[in-house]
Amino acid sequence: MIHPARTYLGAAGAAGPLLFLEGTRRAVLGEVATVRCAGAPPRRGQVIEAGEDLTVVQVLEETIGLGPEAARVTLTGDPAAGTVGPDLLGRVLSGAGAPLDGLPAPVGAGRRPLQGAPMNPVRRRKPADFIETGISAIDGLNTLVRGQKLPIFSGSGLPGLALAARVVAGARTPRGEPFAVVFVGIGVTQRETDEFLRGFAGTEAMARSVFYLNRTADPTIERILAPRFALTQAEYLAFERGMHVLVVMADLTQYCEALREIGAAREEIPGRRGYPGYLYTDLATLFERAGVLRDGTGSVTQLPILTMPDDDITHPIPDLTGYITEGQIVLSREMHRQVVDPPVDVLPSLSRLMSAGIGAQTSPAHRRWADQLYASYAQGRDARATAAIVGEAGLPPEDRRALAFADRFEREFIHQGPARRTIAETLEQGWRLLESLPREDLRRIPDATWAERRTAREAAP
Amino acid sequence: MTDIPRVVRIAGALTEVAPLPGAALHEIVRVGDRGLLGEVIRVRGQTATVQVFEETIGLALEEPVRVTGAPLEVDLGPGLLGSVLDGIGRPLERLAALQGDFLAAGADAPTLDPDRRWPFTPSLQAGADVGPGDVLGTVPDRNGEHRILVPPGVSGRLAELKAGDWTVLDPVGRLEDGTELRLAHRWPVRVPRPVAAWRTGARPFVTGQRVFDFLFPVAEGGSVAVPGGFGTGKTVIEQSLAKYAEADIVVYVGCGERGNEMADVLTEFPELVDPRTGRTLMDRAVLVVNTSNMPVAAREASVYLGLTIAEYYRDQGFRVALMADSLSRWAEALREIGSRLREMPGEEGYPTGLGSRLGKMCERAGRALVPGRPEREGAVTFISALSPPGGDLSEPVTQAAGRVVAALWALDAGLAHQRQFPAVDWETSWSLQAEGVAPWFAQHVGEDWPALRREVLTLLQRDRELREVAGLVGPDALEDADRLVLESARLARECLLGQSAYDAADASSPLAKTRAMAALLVRMLEGGRAALAAGRELGALDLTRARRALVALRDGPPAQFEETVAAARAEVEASLRQAGGAT
């Protein structure tokens, strides 16, 4: 459908990031608008509600000094779209796709609608390819696979972004296929983005990465679009160019706050904690863009990062995210304080697609091994809580052993510092810890698995 | 120009259309140049509010709207089994053939393949008097045979009924009054299909999951809510039920859930072969899929579509299991639409009618004498997952569901963190039908079943109390009898109630196995008590040995079940004798 451009002189009103137009003809939901005001560069916007009596335009740039009466608003008829192409790799762009690295705007291979289209579920392939990140807490216990969306639940002051940077730096594709990284910063501070970028500057990794940066000081509304620019480019690389794309999105909490701000400006009836009732649906339009096509070669894997307000995992943002994503990596303030690096609390962490990625690709005993580590650690954590009341001496022997295990597990398995561990090293590390317990405590390890482990160990030099 | 109905407002999934005089609620309209499917949900004067089942981005004001005069309907007939439909009944494979890997708005695709021919064998002859639900004949389908029914509301004398290869659109017969009969008929999804009489079920819905069959059983035709926070394993449970529960037909509604999960279902269902029939699960399943990024109004409709298909197979005389994952997403879709309508919200922004709509939905489940001859019964068992925010069961959707379902299987994040799966919290879970189906278990599985169940429930209750005490004074301060309870309860949790969906030997537990494990556990507990009463110490009881026996029974190959039970029993008896507890 081609819609001609129409220009209107004067808007009926403005509120926050929104501009209200009266008497628009044939306004199209989602079309791009240009708002011109004397003495200011043109601002871009998008129709988010169309009505013969009232049409609502969401303005992307700051609306300070925008006088609705004198504004000239052009409805372009074009859907919101982003430039995509292989030449975007190696570039640093704004949250709206404009160059930030001093180079000319990328030419690209074409433009694609930012909205994206849902993948037909029957054309999806079940994600099953193991990605080795080099981090034991992930590879061993919360395995990441291609096409998965696995968020990091961070807290303010916790190293969520640093963990994502390590995953990006350490990730190995199984067969060395073409690989790209798309990073989108959403309302992230200058300091954090600089730190993240520094890890890339001048490396080979930079050449296969593209950065979209909406910083804390940038317009709020741009935060809504920035991840969509990034995902549109990621889908292009994955499904038109056959690449394996890892998308890092930080910080989703800022994204949700931008949504709430627009909802309030539209005077919508809010849902939980003032967030719009459609927050779940909206987040799903981002997260569900991860996946693998049945007949394609590429994939989009997502590593979103969010800050749990007040470390509360039941807050609507982590809660709704957890219902859409395929698991979560939860960071713990307490472990961070005890200098466990990375401070991953594996008990509430989960990878739903783990079972498909382990076994043949890692070790046949991986599932049992992981179940046992979880069970022993969970028992140790319980014992730690009991010991706080009755003292360690009041614990039965098995609980005492589990408590000692839990301490070592945190210090020697979860904590690994800057070192990268292969999956074989991760598994070995876990086995060694398990072997510090007597056989009868290892109830999740069947005799056959145990015997195999003994044989393998004796065969090793 | 002015009297053609046109779009006058577009806000998300809602559009306003004017002028639309005489519009009826729930009437289907085609919106805009692409003919997007929409449903009238409010009428004010000449203006109708329409919820659109497809993406509205790109829709423009003034685009024309076409009235159809019909409500949202689905074609019911042969060829449904094995298909994957979107929330409004379009086969996703056909959409993929039309549009490629990604979905776009505005496509038309009939639910049933209009070209496929089915060999029809009539079972009635001209001159017969027929009424609603009468079986006219059969066609072979993936599940065996598909019974062709006289549609509800149709009756008369058969003038003609023809054997032959027919498409679902061909008339295969005619009544004397001229009414044509076809292999398929249409039915409005929001209207329950009529039954002759509801029946109370004394027969359980056998799930193959020990914690449900043993502790919280429901009757066939019951409705169950399965609330659980994220990561508590709702989806794995729904899928295990679809795979292993005793049902002739499975209807699986993925309502606002993950695309990758549906890919998982689509990979696994066709591979899962039922050893009794040699057919795959896909041969007796219909999937309705509306992932969370697909249009929100279609999400609301998807559950009704699933219910209607389930009722249609019930009417053929089958036992149908309907899974919905998750009803919370359905409720949220209602809320989203309600808030766009600027309706006065009830609790937490949900529409005030949430409870009554949920109630009406659950009332469509049940065991029934279905209309028509030959006389037959069918059942729809309705299992719906719920996704309470923050895992908090006091939220409105879980509360509303709790008032209308027959059983609540509550999942707990704490148990999931300990990797206790299925993470069913036996404190908050309940079943209103456990007593009703107890006689069936006693008769078909073992007379001691109800007693074993009571014993294990008491054990778990006592364990909960003791653990609270132990948390204060330390487990070492407890008496031996109490520590025996703690140890036995741990075994009950780990072996009897815990069951790994990924373990081929234990993913589904036959009732005989469930009973054998429970009996062994209770025997161990009673024998232990006797030993303690006889003055022995807890340390003298070799609980590890009993534990190994239970584990061997749990993980043993199903083919050698009898031998494994005998061996496990001998082990437990031996360990009790050794402790001097045998009585």
Side-chain angles (χ1 to χ4, degrees), chain A residues 1 3 24-30 49-52 79 115 117-127 147-148 239 268-272 277-278 280-281 284-285 288 291 293 314 316 319 322-324 326-327 347-348 350 353 355 367 371 374-375 378 386 389-390 394-396 440 443 446, chain B residues 8-12 33 56-62 84 92-93 95-96 99 101-104 230-231 256 258-260 262-264 266-267 289 291-294 296 329 332 335-336 339 342 345 348-349 387 389-392 417-419 470-477 494 502 544 547 555:
Chain A
M1 216 76 38
H3 299 282
T24 50
R25 303 263 316 195
R26 287 195 70 89
V28 184
L29 190 67
E49 184 173 328
E52 290 199 327
Q115 178 67 17
M119 213 184 257
N120 188 324
V122 299
R123 287 291 176 95
R124 277 183 185 268
R125 186 172 356 133
K126 180 182 170 179
Q148 184 175 15
F239 304 129
E268 289 169 344
I269 298 167
R272 271 211 302 159
Y278 49 79
Y280 177 84
T281 306
T285 62
E288 280 292 325
L293 283 174
T314 66
D319 191 51
Y323 275 122
I324 307 167
E326 284 124 3
L347 292 188
L350 171 74
L353 301 179
S355 291
R367 168 55 64 191
D371 282 350
Y374 266 116
T386 311
I389 303 165
V390 301
L395 295 176
E440 65 261 29
R443 285 186 291 270
Chain B
V8 297
R9 198 169 91 91
I10 315 158
D33 298 327
T56 50
I57 285 192
L59 182 67
L61 295 178
E62 292 179 33
V84 185
L92 286 171
E93 282 292 357
L95 291 182
Q99 303 175 325
D101 293 329
F102 294 88
L103 293 165
F230 64 84
R258 305 174 181 91
N260 281 335
M262 295 324 298
D264 192 19
L266 291 173
T267 320
V289 174
T291 57
S292 56
N293 57 340
M294 286 160 73
V296 65
R329 305 297 165 227
E332 281 165 11
R335 174 168 73 180
E336 199 169 323
S339 99
R342 304 205 159 250
E348 291 196 22
S387 322
D392 171 13
H417 292 171
Q418 293 159 26
R419 299 302 188 261
L472 296 175
V473 300
D476 267 1
E494 283 177 4
Y502 302 108
T544 317
R547 193 188 163 277
D555 299 341

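First the proteins, then the strands, lettered A, B, ... as listed; each starts at 1.
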TODO: Please flag which part of B:A11 lies under 4.5 Å from any non-hydrogen atom of chain A: side chain, backbone, both or neither.
DONE: both

Task: Heavy-atom closest contact (B:F102 atom, A:A117 atom, distance) - done: CD2-O, 3.2 Å

TODO: List the atom of B:G256, the atom of A:Y280, and the distance in Å for their closest heavy-atom pair.
DONE: O-OH, 2.6 Å

TODO: Determine the option with the most heavy-atom pairs under 4.5 angstrom with chain B, choosing from A:P127, A:G30, A:G327.
DONE: A:P127

Open item on the list: Quick check on A:P396 against chain B: is it the side chain, the backbone, both or neither that has a heavy atom closer than 4.5 Å?
Closed with: both

Open item on the list: Assess whether a salt bridge exists between A:E49 and B:R9, defined as any Lys/Arg side-chain N lying under 4.0 Å from an Asp/Glu carboxylate O.
Closed with: yes

- [ ] Check each atom of A:A378 against the heavy atoms of chain B and say whether the ones under 4.5 Å are side chain, backbone, both or neither.
- [x] side chain

- [ ] For chain B, find which of A:L350, A:T386, A:L293 contributes the most heavy-atom pairs closer than 4.5 angstrom.
- [x] A:L293

- [ ] Under 4.5 Å, counting heavy-atom pairs only, tell me which of A:V28, A:D319, A:T314 racks up the most with chain B.
- [x] A:D319

- [ ] Would you confirm whether A:E288, through its side chain, and B:S292, through its main-chain N or O, come within 3.5 Å as a donor-acceptor pair?
- [x] no

Task: B:V289, part contacting chain A, at a heavy-atom distance under 4.5 Å - done: side chain

TODO: Give, as side chain, backbone, both or neither, the part of B:Q99 having an atom under 4.5 angstrom from any heavy atom of chain A.
DONE: neither

Task: Atom group of A:L347 that falls short of 4.5 Å from chain B, counting heavy atoms - done: both

- [ ] For the residue pair B:R335 and A:Y278, confirm or rule out a side-chain donor-acceptor distance under 3.5 Å.
- [x] no

Open item on the list: Given heavy-atom pairs under 4.5 angstrom as the criterion, report whether the side chain, backbone, both or neither of B:T291 touches chain A.
Closed with: side chain

Open item on the list: How close do B:N293 and A:A284 get, counting heavy atoms only, and between which atoms?
Closed with: CB-O, 3.8 Å

Open item on the list: I'd like to verify something: which residue of A:R123, A:R25, A:Q148, A:R125 has the highest number of heavy-atom pairs under 4.5 Å with chain B?
Closed with: A:R123

Task: Heavy-atom proximity to chain B below 4.5 Å, by part of A:I389 - done: side chain

Task: Donor-acceptor contact below 3.5 Å, side chain B:R258 vs main chain A:Y323 - done: yes

- [ ] For the pair A:N120 (side chain) and B:L92 (backbone), establish whether a donor and an acceptor sit closer than 3.5 Å, ignoring hydrogens and angles.
- [x] yes

- [ ] Can you spot which of B:N260, B:T267, B:D264 makes a side-chain hydrogen bond (donor to acceptor under 3.5 Å, both in side chains) with A:K126?
- [x] B:D264

TODO: Kindly give the heavy-atom pair with the smallest separation between B:M294 and A:P121, and that separation in Å.
DONE: SD-CG, 4.1 Å

- [ ] Sort B:E332 into side chain, backbone, both or neither according to what part of it lies under 4.5 angstrom from a heavy atom of chain A.
- [x] side chain

Open item on the list: Which atoms of B:E348 are under 4.5 Å from chain A, going by heavy atoms: the side chain, the backbone, both sets, or neither?
Closed with: side chain

- [ ] Heavy atoms only, distances under 4.5 angstrom: which of B:R547, B:R342, B:R329 has the most pairs with chain A? Name it, please.
- [x] B:R329

Task: Top of A:P270, A:A375, A:S355 for chain B proximity - count of heavy-atom pairs under 4.5 angstrom - done: A:S355

TODO: Select one option (side chain, backbone, both, neither) describing which atoms of B:P389 are under 4.5 Å from chain A's heavy atoms.
DONE: both

TODO: Please determine, among A:G277, A:G322, A:P316, the option with the most heavy-atom pairs under 4.5 Å with chain B.
DONE: A:G322

Open item on the list: Is it the case that the side chains of A:E268 and B:S339 hold a donor-acceptor pair, with the cut-off being a distance below 3.5 Å and no angle test?
Closed with: no

Task: Under 4.5 Å from a heavy atom of chain B, the part of A:E326 involved - done: both

TODO: Go through the atoms of A:Y374 and report whether side chain, backbone, both or neither lie under 4.5 Å from a heavy atom of chain B.
DONE: side chain

